[in-house]
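First comes the structure, then the notes that go with it.
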Amino acid sequence: MAPYAVGVAADAEVVMAYIMLQYDRPTDRQNWNDYNRHVRDWISQLLQAPGAVSFVAYRTADAASPDTFTMLEFRTQEEARKAVASEPMKRVLDGLRSVGAMAKVQVVERSPFTPLPIQA
């Protein structure tokens, strides 16, 4: 049996869903400065979305586009879907647009084949 099968059985009832934002950070000086000035507040606002559990962000290391990916974690898909339309999410998306960052929003879930990270 594969080493991750034990994790599947142990965590079969754990269903996590995420709102993933994908966007390019601004490159012009003014918008870059505005983005950096507001990003911590936007993270705080995202964590105020109903049902939010955690937040993490990633940047590409090779200048690929989009260059920023964020994951806002929820316990259920329903909570994540509701949060997409929440006021905190709307404020953050409006703020990103104001600095030229057009975020793609997706609700995603962990694959049932890899519910836990597989160790090398």
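Hydrogens, waters and symmetry mates play no part in the numbers below; they use all other heavy atoms, side chains included. All of these numbers come straight from a predicted model, not from anything done at the bench.
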For the side chain to side chain contact (heavy atoms under 4.5 Å, CB included) test, which of Asn31, Leu96, Asp34 pairs with Pro26?
-> Asn31
Under 3.5 Å, is there a donor-acceptor pair between the side chain of Ser111 and the main chain of Phe113?
-> yes
Which pairs, with at least one residue in residues 37-57 and sequence neighbours excluded, count as a ring-ring contact (aromatic ring centres under 6.0 Å, His included)?
-> Tyr35-Trp42, His38-Trp42
Thinking salt bridges, do Glu87 and Lys90 make one under a 4.0 Å N-O criterion?
-> yes
Provide the closest heavy-atom pair for Pro50 versus Phe74 in the form atom of the first, atom of the second, distance.
-> O-CE2, 3.3 Å
Test ring-ring contact (aromatic ring centres under 6.0 Å, His included) applied to Tyr23 - qualifying residues, sequence neighbours left out = none
Arg37 atom CZ, over 12 foreign heavy atoms within 6.0 Å | yes
Go through the steps to decide whether Arg25 and Asn36 satisfy the test side chain to side chain contact (heavy atoms under 4.5 Å, CB included), and finish with yes or no.
-> CA-CA 10 Å; Arg25 292 182 313 279; Asn36 287 328; over 6 Å; no
Looking at Ala52 and Leu47, what are the two nearest heavy atoms and their distance?
-> CB-O, 3.7 Å
Between Tyr58 and Met20, is there a shared hydrophobic cluster once you connect ILVMFWY residues whose side-chain heavy atoms come closer than 4.5 Å?
-> yes
hydrophobic_cluster_shared for Val105 and Val39, side chain cutoff 4.5 Å | yes
Check whether any side-chain heavy atom of Leu72 sits under 4.5 Å from a side-chain heavy atom of Met89, and report yes or no.
-> yes
Report the distance from atom NZ of Lys104 to atom CZ of Phe69, rounding to the nearest 0.5 Å.
-> 10.0 Å
Can you list the residues that meet the salt bridge (Lys or Arg N to Asp or Glu O under 4.0 Å) rule with Asp94, with sequence neighbours excluded?
-> Arg97
Note: Pro88 and Gln45 closest approach over all heavy atoms is CB-O, 3.1 Å
Short side-chain donor-acceptor distance under 3.5 Å, Asp67 and Thr60 | no
Identify the two heavy atoms, one from Asp24 and one from Ser65, that lie closest to each other, and give their separation to 0.1 Å.
-> OD2-OG, 2.6 Å
Side chains of Arg59 and Thr68: do they bring a donor and an acceptor to under 3.5 Å?
-> no
Sub-4.5 Å side-chain heavy-atom contact between Glu109 and Met16 = no
Decide yes or no for Glu73 and Glu79: does some side-chain heavy atom of the first lie under 4.5 Å from some side-chain heavy atom of the second?
-> no
Once you round to the nearest 0.5 Å, how far does CG of Leu21 lie from CE of Met102?
-> 13.0 Å
Is any side-chain heavy atom of Thr70 less than 4.5 Å from a side-chain heavy atom of Val56?
-> no
What are the two closest heavy atoms between Ile19 and Ala80, and how far apart are they?
-> CD1-O, 3.4 Å
Inspect the surroundings of CD in Gln106 and state if more than 12 heavy atoms from other residues, nucleotides or ligands are less than 6.0 Å away.
-> yes
